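These figures come from a predicted structure and were not determined experimentally.
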Amino acid sequence: MLAQITEALRRGDTAAALAAARSAVAAEPENAHAQHLLGLSAQRAGDVGTARAAFERAVELAPDRAPYQFSLASLALSEGDVAAATQGLKQTLATDPNQLPAYLTLVHLALAKGDRDEAARNLRLAQRVDAEHPQVLVAEGYVAQAGGDAERALKCFTAAVQANPQLAGAQHALGMAYVGRGLWPFAEQALNNALALEPNNPGGLRALAEACRRQDKPAEAVAALDRLLALRPDDVFARAMRADQRQALGQEDEALADLLALLDAHPAQTRVVESALPLLVQRHRGEEALARIETALALAPGNDRLWIARLWLSGLLQEDPLVLLQRWHGTVPGSLACLEFLAEYHEAAGDTAQAVAYADQALARDPNRFASRLVKLRADFRADPAAALAQAQALAPIARSGQEQRTAYAWQGLALDQLGRHDEAAACWREMARRVASAHPLPQPQPADAAPEGETGGGTLLWSPTGVRLDNLLPALQRQLGPRLLLDRIGQMVRGDGFGLARRAPGHPASGNAGSWRAGIQARGLDPATAVDWLPQIDGYTLAALRGAHLLAVVADPRDAFLSWMVQGSTQDYIFAAEPERAAEWLALGLEALAAHREANPGQVSLVRIDGDAGVAAAALEQALGLGEPLAAVSHGALGFAPGHWRQYRQAFAGEFARLSPVAVRLGYPAD
């Protein structure tokens, strides 16, 4: 009968094992082995009371049997009674100094409380018993890891897996070691191996999802998170991550469902609010978006990020931002972020004195507020570029991020430019480009012959090269075109049709085609034939894949655009490469795709030169978009510099301009 119990436990038939164990104990109550098997069966069934009583009876009947003492100690550990477990493990070893599982458990207990010396002591004792045992190798790896020796730990975990590939703990440890070193493909493989042996390990599923996310494999990440959430439906982190990965897959409705479930439970969760608002707005659920953010603010009125999200929403709802800023200031008068937004609002409105007053209020509380000092620098810039240069030079030491460092160098260069010191300005801007910034990486341009066959069924694509900023023009167009003008790609990765800020290589399921483009627009209740879709990038692939659409390109001299992109940034927020020649190459490739498409399909391209006659540019936009009302004259401010300013930098950027000059000529600009 005892063999039947062992076999039932081995095959996982807990009910059969427990029934047989009860019968065995009833038949032979003084049989210590039967009592021990009853304890194991009851523990497996979750009956802790019966398990404890059986283990205690087994120890009482056979005090010289160390495995029985170990089982009792393990039960205490499973209940969280570390003191009783430790005492039981020590008693186990007093009975039998060769009880390897007891040493290993003591190693892990010591590591859990941060006592590496104690862990190492017990590891040495375990190694005397069997240094090559897979579980001893795992323990050795964890002790090495605790001592900061990641290389040794990885070797130990690898050896353990080689010794016993079916040991889930070894596969898991190896996977986590790869995670710690950022070796994501290896981590994914090891964690999949571990989960094949132990499918319901929450830590393994979470790590697997992260490994897949880091490799830009959202489908695999979502699959792991589905399994994790089936085990732990209330795991906030897992649900938030699944929402993010669903967005990456273009599964926006599913992502929004996750986000709203999170907000139902945690209404003021900042990151979740920030992610949910754009998706709600895109689905014409602006009232719900407003209700959600107002609920969050009621619960956390001092959270600046929530106020910033509310401010973003106010722009879409066409509210007066000043009213909201004053409300924010009244609610949180100590918010330096609010003071800086007020300063920037008044600066944009042309009220320099009021802008400086708010900036001064922020600086009185924190003299190193970067944005406030920048407001003051801009206020002095035109009137006194020498003073502005001094202020810009003082900004660099207080810059906390790569983006702030870039801004400091940009303004130093601009001040030098105003002073006519163009070579020094160029040197500043080259130094600026070397600073790491938070921006979207440049997508790799793809050729036209890689595009699938298909037609868009009409519609208009609106594009401008990096450096030609449409920040002021787009709101004016939105007022006339309304929801027909799609601007959801700006600053976000949300559409999922393959033509957003990030691009996939041709042949990838998410690389984008005419069908996915149409479906993305139709999902918003719009007719693709009448939509005007702002694209962040064009290349041969884009123009060939969407060959039935009309392209409205708002351009400037490519050399001016290069200079403006480097210093002023872009509507796309694409990173200006650390090597300016690489940025020039990328810009040239996009413009060459435009020129080739225009030469091959002149009737499908409207080219609007924003650096020429402003009235002519406005009229061309009105005609291309069929606007019912005239546009105000289009300002050269889209460039940041006066047209032709690139000539001041002929020598400083000679190589970059040599790359851009041929395509400038193709677009109608002079060679020099």
Applying side-chain contact (heavy atoms from CB on, under 4.5 Å), run through Leu551 and Leu546 and close with a yes or a no. CA-CA 10 Å; Leu551 175 65; Leu546 304 181; over 6 Å; no
Donor-acceptor contact present, side-chain [X] to main-chain [Y], <3.5 Å:
X: Thr460; Y: Val532; answer: no
X: Trp429; Y: Ala410; answer: yes
X: Arg504; Y: Ala510; answer: no
X: Arg609; Y: Val554; answer: no
X: Arg489; Y: Leu501; answer: no
X: Arg503; Y: Gly512; answer: no
X: Gln572; Y: Pro536; answer: yes
X: Arg292; Y: Leu280; answer: no
X: Thr571; Y: Leu470; answer: yes

Using a 4.5 Å cut-off on heavy atoms from C-beta on, say whether the side chain of [Y] contacts that of [X].
X: Leu660; Y: Asp557; result: no
X: Cys338; Y: Val332; result: no
X: Phe562; Y: Pro465; result: no
X: Asp488; Y: Gln282; result: yes
X: Pro321; Y: Phe341; result: no
X: Val375; Y: Glu340; result: no
X: Trp328; Y: Leu342; result: no
X: Ile398; Y: Arg373; result: yes

Gap between atom [atom2] of [Y] and atom [atom1] of [X] - 0.5 Å precision:
X: Gln403; Y: Arg435; atom1: CD; atom2: CZ; result: 12.5 Å
X: Asp573; Y: Ile575; atom1: CG; atom2: CD1; result: 8.0 Å
X: Lys376; Y: Leu395; atom1: NZ; atom2: CG; result: 12.0 Å
X: Asp366; Y: Ser372; atom1: CG; atom2: OG; result: 8.5 Å
X: Asp304; Y: Leu311; atom1: CG; atom2: CG; result: 11.5 Å
X: Ser464; Y: Ile538; atom1: OG; atom2: CD1; result: 10.0 Å

Minimum heavy-atom separation for [X] to [Y], with atom names?
X: Leu416; Y: Cys428; value: CD1-SG, 4.1 Å
X: Ala556; Y: Ile610; value: CB-CG2, 4.2 Å
X: Ala289; Y: Leu277; value: O-CD2, 3.4 Å
X: Asp560; Y: His645; value: OD1-N, 3.2 Å
X: Pro558; Y: Tyr669; value: CD-CD1, 4.1 Å
X: Leu299; Y: Ala268; value: CB-CB, 4.1 Å

Check this for me, if you would: do [X] and [Y] make a salt bridge, where the nitrogen-to-carboxylate-oxygen distance has to be below 4.0 angstrom?
X: Arg242; Y: Asp235; result: no
X: Arg582; Y: Glu585; result: no
X: Glu210; Y: Arg213; result: yes
X: Arg369; Y: Asp360; result: no

For the ring pair Phe381 and Trp411, is the centre-to-centre distance below 6.0 Å? yes
Please, which pairs that meet ring pair (Phe, Tyr, Trp, His ring centres under 6.0 Å) have at least one residue in residues 236-291, sequence neighbours excluded? none
Set out, in order, the CA-CA distance, both residues' side-chain angles and the distance that settles side-chain contact (heavy atoms from CB on, under 4.5 Å) for Leu256 and Arg285, then state yes or no. CA-CA 12 Å; Leu256 183 58; Arg285 293 163 65 177; 3.6 Å; yes
Parallel, tilted or perpendicular, as decided by the 30° and 60° cut-offs, for the rings of His329 and Tyr358: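 Ring orientation of Tyr358 relative to His329: perpendicular.
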Report, as yes or no, whether the 6.0 Å neighbourhood of atom CD on Glu581 holds more than 12 heavy atoms from other residues, nucleotides or ligands.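 More than 12 within 6.0 Å, yes.
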Please output the side-chain donor-acceptor pairs of residues 649-657 that fall under 3.5 Å, not counting sequence neighbours, one pair per line with the distance.
from   : atom 1 : to     : atom 2 : distance (Å)
Tyr649 : OH     : Asp417 : OD1    : 2.4
Glu656 : OE2    : Arg430 : NH2    : 3.3

Output, in order, the C-alpha distance, side-chain angles, deciding distance and verdict of side-chain contact (heavy atoms from CB on, under 4.5 Å) for Gln412 and Met432. CA-CA 10 Å; Gln412 286 183 51; Met432 172 205 73; over 6 Å; no
Given side-chain contact (heavy atoms from CB on, under 4.5 Å), test Leu419 with Glu424 step by step and report yes or no. CA-CA 10 Å; Leu419 293 166; Glu424 293 175 74; over 6 Å; no
Taking only residues two or more places apart in sequence, or in another chain, which ones meet Arg327 in a side-chain contact (heavy atoms from CB on, under 4.5 Å)?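 side-chain contact (heavy atoms from CB on, under 4.5 Å) list for Arg327, sorted by chain: Glu294, Leu297, Trp307, Arg310, Leu324, Thr331.
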